[in-house]
Protein chains: 2
Amino acid sequence: MTRPTINDVARAAGVSKGAVSFAFNNRPGIAPDTRDRILETARSMGWTPSSRARALSVSRSLALGLVIARPPETLRSDPFFPSFIAGVESVLAEAGYALLLQIVPADDAGHASYRRLAEQGRVDGVLLTDLHVDDDRPALLAEVGLPAVIVGPDLGEAFWPAVGVDDGPGITAVVEHLVGLGHTSIAHVGGPSAMVHGRSRRTAWAAALEAAGLEPGPFVEADFSAEAGASATTHLLDLAEPPTAVVYANDLMAMAGLAVAVARGVDVPGQLSIAGYDDTELAAHLQPPLTTVTTDVIGWGRAAATRLLDLVEQRQSADVRLDPPRLVVRGSTGPAPARPTT
Amino acid sequence: MTRPTINDVARAAGVSKGAVSFAFNNRPGIAPDTRDRILETARSMGWTPSSRARALSVSRSLALGLVIARPPETLRSDPFFPSFIAGVESVLAEAGYALLLQIVPADDAGHASYRRLAEQGRVDGVLLTDLHVDDDRPALLAEVGLPAVIVGPDLGEAFWPAVGVDDGPGITAVVEHLVGLGHTSIAHVGGPSAMVHGRSRRTAWAAALEAAGLEPGPFVEADFSAEAGASATTHLLDLAEPPTAVVYANDLMAMAGLAVAVARGVDVPGQLSIAGYDDTELAAHLQPPLTTVTTDVIGWGRAAATRLLDLVEQRQSADVRLDPPRLVVRGSTGPAPARPTT
DNA sequence: TCCCACCACTAAACCGGTTTAGTGACGAGC
DNA sequence: GCTCGTCACTAAACCGGTTTAGTGGTGGGA
């Protein structure tokens, strides 16, 4: 009943365990028919090398880590991670690696988790997400000697390579779309400016407005949550001169904002155009359906995993090109109203 | 630079490596002051036992597995897993275990993944989610000798223990709430009847109607997706005698259904009451806000992890009581219209 | 005083692979 | 005929812990 070991296979095939190992990792020094005999014996006994033993002898864990330091509530509605992980997984499975996932309270941004993973030698490298503007995790990882790949736009100054689509062009496309519809007062409800993807979207929004020769519209900093999206929207609609269009940093805030507008009797898109970011499943099924930006998150996961594997296995890695974010126009955006909403 | 090993610590403390191991796993046979000296030496050298080496010598992986066999698209909007995993994680971290996550295409329900995890000895046990009515994974896991805990309602007949709140009472509460509002034609848009949590919700709905002395309302089988929720709703509203209330098996379908109703000019809740299940973050921020059912998913994750740990460590495990699902009444449900919608 | 039990600790085996050093057989070259 | 190199393989060390068997010293009881 107990799993066979390499010794059992060696004995059954009448060779030394070294030979079995050689045959399995097809290295030279084993005659073709001996190799075949060994592999066939192993197959018939149902033997697969124990990753525990392998990990110890090759001094690697054969596992990568992903630490998500966030309160689970904000994770519940995040459309990013499942797809991202699926992409990561598809690469790791092929390479014989496993993914270790930790979801921890946001307290210390997961520092303790990273430290533990490194000290215990649980993983050979980690993926770094949700990067903050002055994130000290890269330094921490450099200190404990854990290779990492930053998931998100490349900041240039980083210790580690970054993989990710720049979200700027997506926001730019949204703004250009709205400008094309005649809007001149385009607001932005952003994520926390302490977070990289909060800041980069805001920057792109501001830059696109400037490029179009428009005044910067009103900006409200929120935190990607529905609650914050709703109150930001209330705030915007209460302005003396409310914007005719709002670009939200994610779908969740946009959807909550849409509900607020509807509840106040503001016609969308007649009086107010609304755009999100993420292309959540629900976005297409709202009333009106939400104009938003879609990204190839699975491909992103694949790219990040590939890059990190190259890093831990000390391979040279090719630069991957990811599909840029793509604007999806739906019913929540329309021509600017003839005169400002009253 | 390279991590110290137990040998380095032993040498530095002037003892054998066995003594260091004893001190760390506080077993008898080490004098208190010797123990203190060893621990202090280890601390000052920053030594932590390598989980690779530990795993090999104790013949356990010190890791549990979670395989999610679903297309990532349907996972994107699933509010369950992040919270669930957070709960699991909180227990595992304390016990020194790690969580191995695999998200794989739905092809073979993850059979290959389970087999691989077992053969390679990657994990000591797995959590089984998304159980199908005639699921063969329990048999597979029994065959490969991998302990498991089924996440979901206990079916009684299973090979392995099950942990999870019964979702029946939640649906029952929704139906009773609607009956109390005077509804007599209450429809259900369910999940796939091939899935346990699809079937159990439908059964609860039918039973609650019968208990209230009502005719079974119309039922549409869907697949938990927004798309399916929308078309099911269209179908229901097209009936000669449309229902005055619809109970959806999850929030996503309910929200899509709500949008369909609004688009058709059906007043919610004036002409049609709508209820979901999950208490998604967005539910409270729709217009009208969605009546739904909330569950303590984090506690659920904790309970499942605890149970599985007890199983792999061969401990007796106490039966945990989970908070039952709780009805959250919001604006999408209201008194039944005086006469059927026309 | 001698014996025994017990305590604190060490030496070595073990987990199951990978990897290095070494060995015997065989053929080629001078 | 002897040496050398190569091939196919084996024996043993090694990864870094845990665990078992064994050992020396001390105290108590007869």
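All chains are named by letter (A, B, ...) in the order of the sequence lines, taking the proteins before the strands, and each is independently numbered beginning at 1. What you are looking at is a predicted structure, and each value in this text was computed from that prediction instead of being measured.
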[X] [atom1] to [N] [atom2]: how many Å, rounded?
X        : N       : atom1 : atom2 : value
Asp8(B)  : dC15(D) : CG    : P     : 11 Å
Asp33(B) : dC9(C)  : CG    : C1'   : 13 Å
Leu56(B) : dG16(D) : CG    : P     : 12 Å
Leu62(A) : dC15(D) : CG    : P     : 17 Å
Ile38(B) : dA8(C)  : CD1   : P     : 13 Å

Taking [X] for its side chain and [Y] for its backbone only, find out whether a donor-acceptor pair lies under 3.5 Å.
X        : Y         : answer
Thr48(B) : Gln120(A) : no
Ser57(A) : Ala53(A)  : yes
Ser50(B) : Arg52(B)  : yes
Ser44(B) : Thr41(B)  : yes
Asn25(B) : Arg27(B)  : no

For Ser51(B), report the nucleic acid contact type (base, sugar-phosphate, nothing); a contact means any heavy atom under 4.0 Å.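 Nothing, no nucleic acid heavy atom in range.
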Using a strict 4.0 Å threshold on nitrogen-to-oxygen distance, state whether Glu40(A) and Arg43(A) make a salt bridge. yes
Less than 4.0 Å between a side-chain N and a carboxylate O, is that true for Asp310(B) and Arg307(B)? no
Polar atoms only, N or O, under 3.5 Å: list the protein pairs with nucleotides 17-20 of chain D and their distances.
| from | atom 1 | to | atom 2 | distance (Å) |
| --- | --- | --- | --- | --- |
| dG17(D) | OP1 | Trp47(B) | NE1 | 2.9 |
| dG17(D) | OP2 | Ile6(B) | N | 2.4 |
| dG17(D) | O5' | Ser50(B) | N | 3.4 |
| dG17(D) | N7 | Lys17(B) | NZ | 2.8 |
| dG17(D) | O6 | Lys17(B) | NZ | 2.9 |
| dT18(D) | OP1 | Asn25(B) | ND2 | 3.4 |
| dT18(D) | OP1 | Arg54(B) | NH1 | 3.4 |
| dT18(D) | OP2 | Ser21(B) | OG | 2.6 |
| dT18(D) | O4' | Ser57(B) | OG | 3.1 |
| dT19(D) | OP2 | Arg27(B) | NH1 | 3.0 |

Return the set of residues passing side-chain hydrogen bond (donor to acceptor under 3.5 Å, both in side chains) with Glu94(B) (not counting sequence neighbours), or none when no residue passes. none
Sorted by position of nearest nucleotide on DNA chain C, 5' first, the leading residue of Ser59(B) and Val15(B) is Val15(B)
How bent is the helix from dT1(C)-dA30(D) to dC30(C)-dG1(D), comparing axes over its five end pairs at each side, to the nearest 10°?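 Comparing the first five pairs with the last five, the axes sit 70° apart.
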